[in-house]
Amino acid sequence: QKKIIKRKETMPRIAGVNLLGVLLAGIAVFFIGFIFYGLLFTEIWANGLGMYMSADGKEISYLTADGVTTLAAGAGEPIWIIGGFVISLVIAYGIGWHMKQKNISKLPSAVLMALWISLLFGVPLMAYTLVYSPWHDVGAFLVNAGHTVVTFVVAAAVMSFFG
């Protein structure tokens, strides 16, 4: 008769969700945001939200309650970047938690689940800016919607390896 030895799990978890998976998925989500908003679709997205770069790319102007404000490009407060990373971690955790609740641990099932959640919840949430902003900019909506779908799917794909 063989004796079965169970290996004790050493990865920390919160509500059954692997925190290393959350960290790695959060980093992936954050990096995707950098690619979408910082490299590929910066101008489409920013212009759609009423932010405009100067011709030389050194300044950005946008409308505030006090009028038009102009800042040096990249002069934003770093705390907002940290906030963006926290949001990435929350998305990763939420996807992981949902996967845990539904016993989803295989890559194809995780990707399909994330695709549906992004299309049924994430993209409609992004549509509020399209509907209620004074610009009603389809370009910015498509960038936000695309980012939402890709980040949900990638987060689920990463989390599927940490089920």
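This is a predicted model, so every value here is computed, not measured.
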Completion exercise
In short, M113 meets I104 closest at the heavy-atom pair CG-CD1, 3.7 Å
Practice task
Group every Ile, Leu, Val, Met, Phe, Trp and Tyr by side-chain heavy-atom contacts under 4.5 Å, then state whether L39 and V29 land in the same group.
Solution key: no
Practice task
Please report the closest heavy-atom contact between V111 and A157, naming both atoms and the distance.
Solution key: CG2-CB, 4.2 Å
Fill in the blank from the handout: When rounded to the nearest 0.5 Å, the distance separating CG of L63 from OH of Y52 is 9.5 Å
Problem - Partner residues of S54 under the side-chain hydrogen bond (donor to acceptor under 3.5 Å, both in side chains) criterion, sequence neighbours left out - result: D56
Output side-chain donor-acceptor pairs under 3.5 Å for residues 85-102, partner residues at least two apart or in another chain, one line each.
| residue | atom | partner | partner atom | Å |
| --- | --- | --- | --- | --- |
| S88 | OG | G84 | O | 3.1 |
| Y93 | OH | I14 | O | 3.1 |

Exercise for the section: Find out whether D137 and L130 are in side-chain contact, i.e. whether some heavy atom of one side chain is under 4.5 Å from a heavy atom of the other. Expected result: no
Fill in the blank from the handout: CG (N18) and CG (L24) are apart, to the nearest 0.5 Å, by 8.5 Å
Exercise for the section: Using the rule that two of Ile, Leu, Val, Met, Phe, Trp, Tyr join whenever any of their side-chain heavy atoms come within less than 4.5 Å, decide whether F31 and W45 are in one cluster. Expected result: yes
Exercise for the section: Could I get the full list of ring-ring contact (aromatic ring centres under 6.0 Å, His included) partners for H147, not counting sequence neighbours? Expected result: F36, Y37
Fill in the blank from the handout: Heavy-atom nearest pair, V158 first then G21, reads CG1-O, 4.0 Å
Exercise for the section: Determine whether I27 and M159 fall in the same hydrophobic cluster, where Ile, Leu, Val, Met, Phe, Trp and Tyr are linked whenever their side-chain heavy atoms lie under 4.5 Å apart. Expected result: yes
Exercise for the section: Kindly give the heavy-atom pair with the smallest separation between P124 and S118, and that separation in Å. Expected result: CD-O, 4.2 Å
Problem - Given L49, V68, T69, the one that forms side-chain contact (heavy atoms from CB on, under 4.5 Å) with Y62 - result: T69
Fill in the blank from the handout: All heavy atoms of T148 vs all of M126, minimum pair found to be OG1-CG, 3.3 Å
Handout entry: Those residues that, when tested against F121, pass ring-ring contact (aromatic ring centres under 6.0 Å, His included) (two or more places apart)
Key = none
Problem - Over 12 foreign heavy atoms within 6.0 Å of CH2, W135 - result: yes
Problem - A46: side-chain contact (heavy atoms from CB on, under 4.5 Å) partners, not counting sequence neighbours - result: M51
Handout entry: Approximate separation, where rounding is to 0.5 Å, of F161 CZ and K106 NZ
Key = 11.0 Å
Handout entry: Gap between atom OG1 of T70 and atom NZ of K58 - 0.5 Å precision
Key = 15.0 Å
Practice task
Could you grab the distance from atom CD1 of I35 to atom OG1 of T151, nearest 0.5 Å is fine?
Solution key: 12.0 Å
Practice task
State whether the number of non-hydrogen atoms from other residues, nucleotides or ligands found under 6.0 Å of E59 atom CD is greater than 12.
Solution key: yes
Practice task
Decide whether V17 and F30 are clustered together by the hydrophobic rule: side chain heavy atoms of Ile, Leu, Val, Met, Phe, Trp, Tyr closer than 4.5 Å, transitively.
Solution key: yes
Handout entry: Counterpart residues, side-chain contact (heavy atoms from CB on, under 4.5 Å), relative to T42 (two or more places apart)
Key = none
Exercise for the section: Give, for atom CG of L107 and atom OG of S160, the distance between the pair rounded to the nearest 0.5 Å. Expected result: 4.5 Å
Exercise for the section: Answer yes if F41 and F34 sit in the same cluster of Ile, Leu, Val, Met, Phe, Trp and Tyr residues linked by side chain heavy atoms under 4.5 Å apart, and no otherwise. Expected result: yes
